[in-house]
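So the structure is just underneath, and the comments pick up after that.
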Amino acid sequence: MRNKFRILSLIVVITVAVGFYVYTTADRIKLDPVSVQPSSSPQLAPKMMDTTKIGGLDTADASQIEPLPDEKQITGSQIDLLTNDMTVRIVPSTWEFKVGKSGKSLITISQAQQAIKIQNLKLGSRSASWEVPSEGLKVLIQVINQSVKVKVESNKETSVTWPVLGKELNSKAMLLPLAEGRYVPTKDKEWIQFLTDSGESSLNEAFSMPFWGVQGDDYTLTYRVDNPFNDSVYFTNDHDQLGLGVKHDFTAKSVRQPYGVAIYLGMENLSEPAKIFRQTLMDRKQFVTLQDKIKQNPAVQKLLGAAHVYMWGSGNLSPEDITDWGKLAKIIADQAKSSSLSPGKRVWQLLDKDGQITLSAIASQNYADQVQNMSVTRSLNDVLSKREFYQEEAWKDIHLDPNVQILLNKSVSTLNETELYQRNNLLLFDAFPGIFTPVDSWGDGISTKMLKQFQTAGLDRLWLGLSDWQMAYKHPEFVKQAESMGYLAGTYDSYNTVLDPVNPADPSFTTAIFDQWLYDHGAIVSANGKKVPGFQKKGYTASPLVTMTYIEKRYSTIMNNTKLNSWFVDADGDGQLHEDYSSDHPATEQDDMNAKIKRLNWFANQQMVVGTEKGEWYTASSVAFAHGMTTPALGAWMDKDLGDKSSKYYLGSYWPPEGPDVFIKPVPLKPIFDKIYIDPQFQFPLYELVYHDSVITTHHWGMGSLKVSDKIKSRSLTELLYTVPPLYHLNLKAWDQQKETIEKYYNFFSPLHKQAALLEMTQFDWLSPDRLVQKTTFGNKLEIVANYSSQAFAYTNATIPTQSVWIHWLESGEKQIFTP
């Protein structure tokens, strides 16, 4: 799920700041370290792999294997396939598979299921095949070196569940690509309960990448799903051990698409599953580095060292833009009583009832409190959005700025929205001399005055996100100045949902409002003939196959108003892929995926720095950044306490619009979600091991760096350990509260990220038995150790304080210690 920014007028990062304190040598001497050196156990410090090319690894697509010519028909209930490296034992009737290296016990990589009649069993030197006539299935097996590949074909609509993992595997842990990645002990009761309660879900939606790993006593298994469409994953409690199964559906649209799974048996190196998947992508020419993306669009380089900030504000004006509230209120109130037309009378006529009442109160008391000035500011912002704001007679005695006169010479119907806002802003400013600050500085978080504060603080690289392009229209100076300062300025956008344009279920859901044709004919249709509901059950889910003309039109309109240099396309990277049974735009899940990739590539081809939600595997070649991988979205759909206003775990409401609590207000996280999504003992950077030098990831916008009140330090350690940027939500108030912390953190993070973002993460290790001291390695360039524990940690002649990171640049020998 995702929190759509459209509900509020903008979105942008409130200051999460991890203030960093760099220890001096003298400070470190005072610490009482626990001297724990890196363990030699494979569980704690696995040996480095050759990550350039994994020796002997066959990464060919399992769904494309064919029978080998030496297969011959045989009889029997069990078959063995042998290579120099491995034995594979299969019981075809029960789909039970076991593997083992020479001289070692066989490992059950898929448990026996209910026996089913098979026929035409064939066996060759390295392959086997058989048929399941009752289900119309044909099964093909190939064994190469230390891998077994399984392909299932069908000639009719049916389903197959395989592999099935459970107690017979007797594993120690699973490595699951749940967002960034999680290390899940298979006998952990809380993990078992959480995962089994989550039910069956699409594999692509549940997993950020189509593979997972299993840790055994002296081995690691890697399961990679090839042609990963129409698959669902579920978890079981198999005699107090976590089990996992994958179900593949051969649907009316996908019946001819084979299902393939490749399984690799390796040493106990827990980085291996990610490295196998990375090598697979590279061998198939499906991996694009950040360096390549920078060559295509040099602006992508602006992401290196940048913090990600969603900027907040709700209109043209902020209360700070009015210098004398009492005087303004009195002028408007007095002119409103006059029979002659005037700017004050016109403003009064267009104010809503609450605005009029509050303005009258301010006039009588000659000052405005915080609640009053915010209320009137919101009302004035609404007035400034109206095309009918200007009356020639009302402004006849006002000296007008030449720029206003130019805009007044145009027909109001021909003005684009940026011109309309600019015209109305200047008309208001000229009508009340000395009461407003200069128009080009107006605004809250989205303002040039905020940018000047960033500049003063030394923040030279930022990604600045707006939840609504209307805010860019209202503050074109902000966009222009941000880009002149070297920042990226982008808008939130989405093509996932389409609403009825005549009676939209939510008029503020602007990204979902198109035209009548798309609403009537553009929805995805499920196999039962019903249109698939849209986000939050509003409207319908739009087919990506028919949105390109709408994308081009919207993009052109926005860019004609204001020149952005970044685009955030929500939902395309969240893993939701649909089959479409519409007669207008039929599609398989793969067609749906390809259409989403096409539109992400379209934005990239416009020289936009493109991002998407989460950043699942199929979008990685198309986007430069993603929000929601480091920490995914959490919300009331997961647990009622997160949406219960009386609960201490309540995430917050979408109010106030200038900086909604749901994004800005820090709250504690419920213990089970802390364990599942944040606890470093269960973190494992699978995504970074694959894509660190391809996609810059960070938190979901609903779980910014400062959102979890009691985990700010540990989350900042993770950001530094993985070298992924912080994500903040900021307006003027939040910046004032957090600027010192943000500045300190930025001064340490940004130089690190500028160098590390382009490096491959080659290894992840635990350095302590409790998994609270962790190490990442980036080739032969960089190593980082994060100490999450409550005690200092001695490592290679350094003492790393509690809740601190140690940075070591291997070539220069430079070392740093930093404590948030």
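- Applying side-chain contact (heavy atoms from CB on, under 4.5 Å) to Tyr788 and the options Pro680, Ser804, Ser768 leaves one that passes, Pro680.
- Note that CD1 of Ile664 is 9.0 Å distant from NZ of Lys707, once rounded to the nearest 0.5 Å.
- Rounded to the nearest 0.5 Å, atoms OG1 (Thr562) and CZ (Phe478) are 10.0 Å apart.
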Practice problem: For Tyr795 and Trp806, run ring-ring contact (aromatic ring centres under 6.0 Å, His included): C-alpha distance rounded to whole Å, both residues' side-chain angles, the deciding distance at 0.1 Å, then the answer. | Solution: CA-CA 9 Å; Tyr795 181 72; Trp806 176 79; 5.3 Å; yes

Self-check item: Test side-chain contact (heavy atoms from CB on, under 4.5 Å) applied to Val708 and Arg715, step by step
Solution: CA-CA 9 Å; Val708 185; Arg715 296 180 76 202; 3.8 Å; yes

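- Residues passing the salt bridge (Lys or Arg N to Asp or Glu O under 4.0 Å) test with Asp674, sequence neighbours excluded: Lys711.
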Practice problem: Start with the C-alpha distance between Arg461 and His753, add both sets of side-chain angles, then the distance that settles side chain to side chain donor-acceptor pair (under 3.5 Å), and finish with yes or no. | Solution: CA-CA 11 Å; Arg461 296 270 180 100; His753 190 256; over 6 Å; no

Practice problem: Verify side-chain contact (heavy atoms from CB on, under 4.5 Å) between Lys449 and Asp321, making sure each step is shown before the conclusion. | Solution: CA-CA 10 Å; Lys449 55 180 173 282; Asp321 299 323; 2.7 Å; yes

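- The residue from Gln681, Gln215, Gln683 that alone fulfils the side-chain hydrogen bond (donor to acceptor under 3.5 Å, both in side chains) condition with Tyr183 is Gln215.
- Taking OG of Ser705 as the start and CD1 of Ile712 as the end, the distance is 9.0 Å to the nearest 0.5 Å.
- In this view, Lys670 and Asp639, Asp641 satisfy the side chain to side chain donor-acceptor pair (under 3.5 Å) rule, not counting sequence neighbours.
- With sequence neighbours left out, Glu783 forms a salt bridge (Lys or Arg N to Asp or Glu O under 4.0 Å) with Lys775.
- By the neighbour-count criterion of 12 heavy atoms within 6.0 Å, atom NZ of Lys563 is densely surrounded, having more than that number from other residues, nucleotides or ligands.
- We find the CG-CG distance between Leu178 and Leu686 to be 9.0 Å, quoted to the nearest 0.5 Å.
- Going from atom OG1 of Thr776 over to atom NE2 of His692 covers 8.0 Å, rounded to the nearest 0.5 Å.
- The heavy-atom pair separating Lys614 from Ser208 by the smallest distance is CE-CB, 4.3 Å.
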Exercise. Let me see the working for Lys275 and Glu760 under salt bridge (charged side-chain N to carboxylate O under 4.0 Å, His left out), right down to the final yes or no.
Key: CA-CA 11 Å; Lys275 290 306 170 184; Glu760 175 190 353; 2.8 Å; yes

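- With sequence neighbours left out, Phe207 forms a ring-ring contact (aromatic ring centres under 6.0 Å, His included) with no residue at all.
- Atoms CD and CG, from Gln791 and Asp770 in turn, are 9.0 Å apart once rounded to the nearest 0.5 Å.
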Exercise. Go through Trp617 and Phe211 one step at a time and tell me if the ring-ring contact (aromatic ring centres under 6.0 Å, His included) criterion holds.
Key: CA-CA 10 Å; Trp617 63 278; Phe211 74 89; over 10 Å; no

Quiz prompt | side chain to side chain donor-acceptor pair (under 3.5 Å) evaluation trace for Asp493 with Thr491 | solution = CA-CA 6 Å; Asp493 197 2; Thr491 184; over 6 Å; no

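- Here Glu688 pairs with nothing under the salt bridge (Lys or Arg N to Asp or Glu O under 4.0 Å) rule; sequence neighbours left out.
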Quiz item: How far apart are the C-alpha atoms of Leu758 and Asp693, what are their side-chain angles, what is the distance that settles it, and do they pass the side-chain contact (heavy atoms from CB on, under 4.5 Å) test?
Solution: CA-CA 5 Å; Leu758 299 177; Asp693 56 339; 5.7 Å; no

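- Residue pairs meeting the salt bridge (charged side-chain N to carboxylate O under 4.0 Å, His left out) criterion with at least one member in residues 796-818, sequence neighbours excluded, are Lys781-Glu811.
- When side chains are defined from C-beta on, Gln803 does not count as touching Asn787, because their heavy atoms never get closer than 4.5 Å.
- Applying the salt bridge (Lys or Arg N to Asp or Glu O under 4.0 Å) rule to Asp188 yields the partners Lys675; only residues at least two apart in sequence or on another chain are considered.
- Every residue two or more places apart in sequence or in another chain that forms a side chain to side chain donor-acceptor pair (under 3.5 Å) with Ser694 is listed here: Lys293.
- Using a 4.5 Å heavy-atom cutoff, the side chains of Leu767 and Val785 are in contact.
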Practice problem: Could you walk me through whether Leu720 and Phe748 pass the side-chain contact (heavy atoms from CB on, under 4.5 Å) test, one step at a time? | Solution: CA-CA 9 Å; Leu720 293 167; Phe748 187 83; 4.1 Å; yes

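- By the side chain to side chain donor-acceptor pair (under 3.5 Å) test, Lys754 pairs with Asp460, sequence neighbours left out.
- Proximity of Val724 to Glu180: side-chain heavy atoms (C-beta onward) are nowhere separated by under 4.5 Å.
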Exercise. Mind running ring-ring contact (aromatic ring centres under 6.0 Å, His included) on His627 and His699 for me, showing each step along the way?
Key: CA-CA 5 Å; His627 292 169; His699 312 286; 9.6 Å; no

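- Geometric assessment of Arg278 against the ring of Phe287 yields a positive cation-pi assignment under the 6.0 Å and 45° thresholds.
- Partners of Phe684 under the ring-ring contact (aromatic ring centres under 6.0 Å, His included) rule, at least two apart in sequence or in another chain, are Phe764, Trp766.
- Put simply, the side chain of Ser566 reaches to within 4.5 Å of the side chain of Phe625, judged on heavy atoms.
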Exercise. Could you go through the side chain to side chain donor-acceptor pair (under 3.5 Å) check for Trp735 and Gln453 one step at a time?
Key: CA-CA 9 Å; Trp735 169 253; Gln453 295 200 49; 2.8 Å; yes

Self-check item: Derivation and outcome, side chain to side chain donor-acceptor pair (under 3.5 Å), residues Tyr492 and Asp570
Solution: CA-CA 7 Å; Tyr492 169 91; Asp570 185 29; 2.7 Å; yes

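- In this structure the side chain of Phe682 reaches within 4.5 angstrom of the side chain of Pro185, judged on heavy atoms.
- With sequence neighbours excluded, no residue satisfies side chain to side chain donor-acceptor pair (under 3.5 Å) with Asp444.
- Among residues two or more places apart in sequence or in another chain, the ring-ring contact (aromatic ring centres under 6.0 Å, His included) test is passed with Phe603 by Trp567.
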